[in-house]
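Quick caveat, the model's predicted, so the values are computed rather than measured. By convention here, the first residue in the shown sequence is residue 1. When a ligand or atom number is given, it counts from 1 through the structure's own listing order.
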Amino acid sequence: MGGTDPEEGPDMTDGRRDWAPASINVDQPSSARVWDYFLGGSHNFAVDREVAEAAIAFKPDMPELARQVRMFLHRAVRTAAAAGVDQYLDIGAGVPTMGPVHEVARETRPGARVVYVDHDPVAVAHGVAMLAGDPDAAFVQADARSPRAILDDPRVRALIDFDRPVAVLLCSLLHFVADADDPAGIVATLRDALAPGSFLILQHASHDGQPRETIAMLEMWNAKSPEPMTWRTAGEIEALLDGFTPLTPGVVPMPLWRPLPEEAERAAQHSDRYASYAAVAVKPGASG
Ligand SMILES: C[S@@+](CC[C@H](N)C(=O)[O-])C[C@H]1O[C@@H](n2cnc3c(N)ncnc32)[C@H](O)[C@@H]1O
């Protein structure tokens with residue numbers, strides 16, 4: 001992979017020295033930076049763009065898929081905010097872009113408190129810079145596979161009151177968690193810490209009904225990435241919601257989760273196109 005040294009010519013166009021933490025590995029793609037590329041961002045390197053373009057060669061609508069995930073996330077956050085939720089924990093938040101949660105939530109809940117979590121140093125550096133001067137939001141570097149550490153983090157505790165409802169976002173995250181790392185156990189640990197009335201906002205990649213090209217893309221990614229993906233069936237994804245009550249329409253292909261009226265027809269036509277399921281679920285037991 002050429003030009004991965006920031007002192008060399010090609011990476012000068014990456015602007016690495018302006019925003020990239022010195023510790024990052026620019027020889028391997030990162031899911032956060034590839035996602036940023038799909039979403040039209042500039043926080044990515046040659047190695048990320050190369051893998052992203054290889055993915056696009058298999059599945060040309062990858063950028064639209066990433067955009068659709070953000071659109072789902074916005075619809076879900078607005079649903080939680082409309083229900084009164086004013087605290088958000090966005091795990092696997094990515095490089096902040098395209099309507100970060102604090103902006104969307106505060107349309108309805110001014111002063112909403114938001115903690116973003118990601119393990120990617122570029123996402124964290126950009127997030128910390130974005131939130132400078134915002135006392136009601138923080139960006140924390142942590143690994144989703146250690147949910148207890150996230151729940152106990154003082155920066156999380158300073159902003160989130162777990163005695164009141166919280167919306168936890170796990171969007172495009174849990175397919176980066178292998179079965180061996182117990183994604184159901186991660187969700188259960190989070191669930192047990194949440195007050196009744198809390199929301200789980202979940203989006204997860206799936207191979208259900210997908211064409212050969214899409215599976216080939218997954219295999220390409222897993223061959224090249226240090227963050228391999230485990231795509232799951234609808235049933236496996238539904239099982240992750242154990243102990244929560246899904247809101248209507250339940251666990252559905254992502255575009256079908258409460259599409260905006262003007263998008264409904266297109267969503268119905270393309271329901272399998274984005275290779276993922278989405279759900280918004282509530283922890284039962286809230287009084288009133
Ligand atoms: C595909 S991006 C999704 C970003 C955002 N949630 C969205 O839906 O637009 C996946 C993100 O999950 C993060 N991630 C993957 N595995 C993680 C882990 N074990 N702990 C924390 N973050 C992780 C990646 O760094 C990346 O930013």
Under the side-chain hydrogen bond (donor to acceptor under 3.5 Å, both in side chains) rule, what do D120 and S30 come out as? Steps first, then yes or no, please.
CA-CA 8 Å; D120 184 277; S30 101; 2.9 Å; yes
Quick one: does F176 get an N or O within less than 3.5 Å of an N or O on ligand 1?
no
S30 to ligand 1, any heavy atom closer than 4.0 Å
no
Within the 4.0 Å heavy-atom cut-off, what R70 brings close to ligand 1 is side chain
What pairs with Y88 under ring-ring contact (aromatic ring centres under 6.0 Å, His included), at least two apart in sequence or on another chain?
none
Would you mind telling me if ligand 1 is within reach of the side chain of L173, the backbone, both or neither, using heavy atoms under 4.0 Å?
side chain
D90, any N or O under 3.5 Å of ligand 1 N or O
no
Does S172 reach ligand 1 with a nitrogen or oxygen that is under 3.5 Å from one of the ligand's nitrogen or oxygen atoms?
no
Going by ring pair (Phe, Tyr, Trp, His ring centres under 6.0 Å), W257 matches just one of Y274, Y277, F72. Which one?
F72
Can you tell me which portion of A66 lies within the under-4.0 Å heavy-atom range of ligand 1? Options are side chain, backbone, both, or neither.
neither
May I ask whether A123 places a heavy atom under 4.0 Å from ligand 1?
no
If we count only N and O atoms by modelled type, under 3.5 Å, do the side chains of H119 and E227 hold a donor and an acceptor together?
yes
Please list all pairs meeting side-chain hydrogen bond (donor to acceptor under 3.5 Å, both in side chains) that have one or both residues in residues 177-193, counting only residues at least two apart or in different chains.
D179-R232
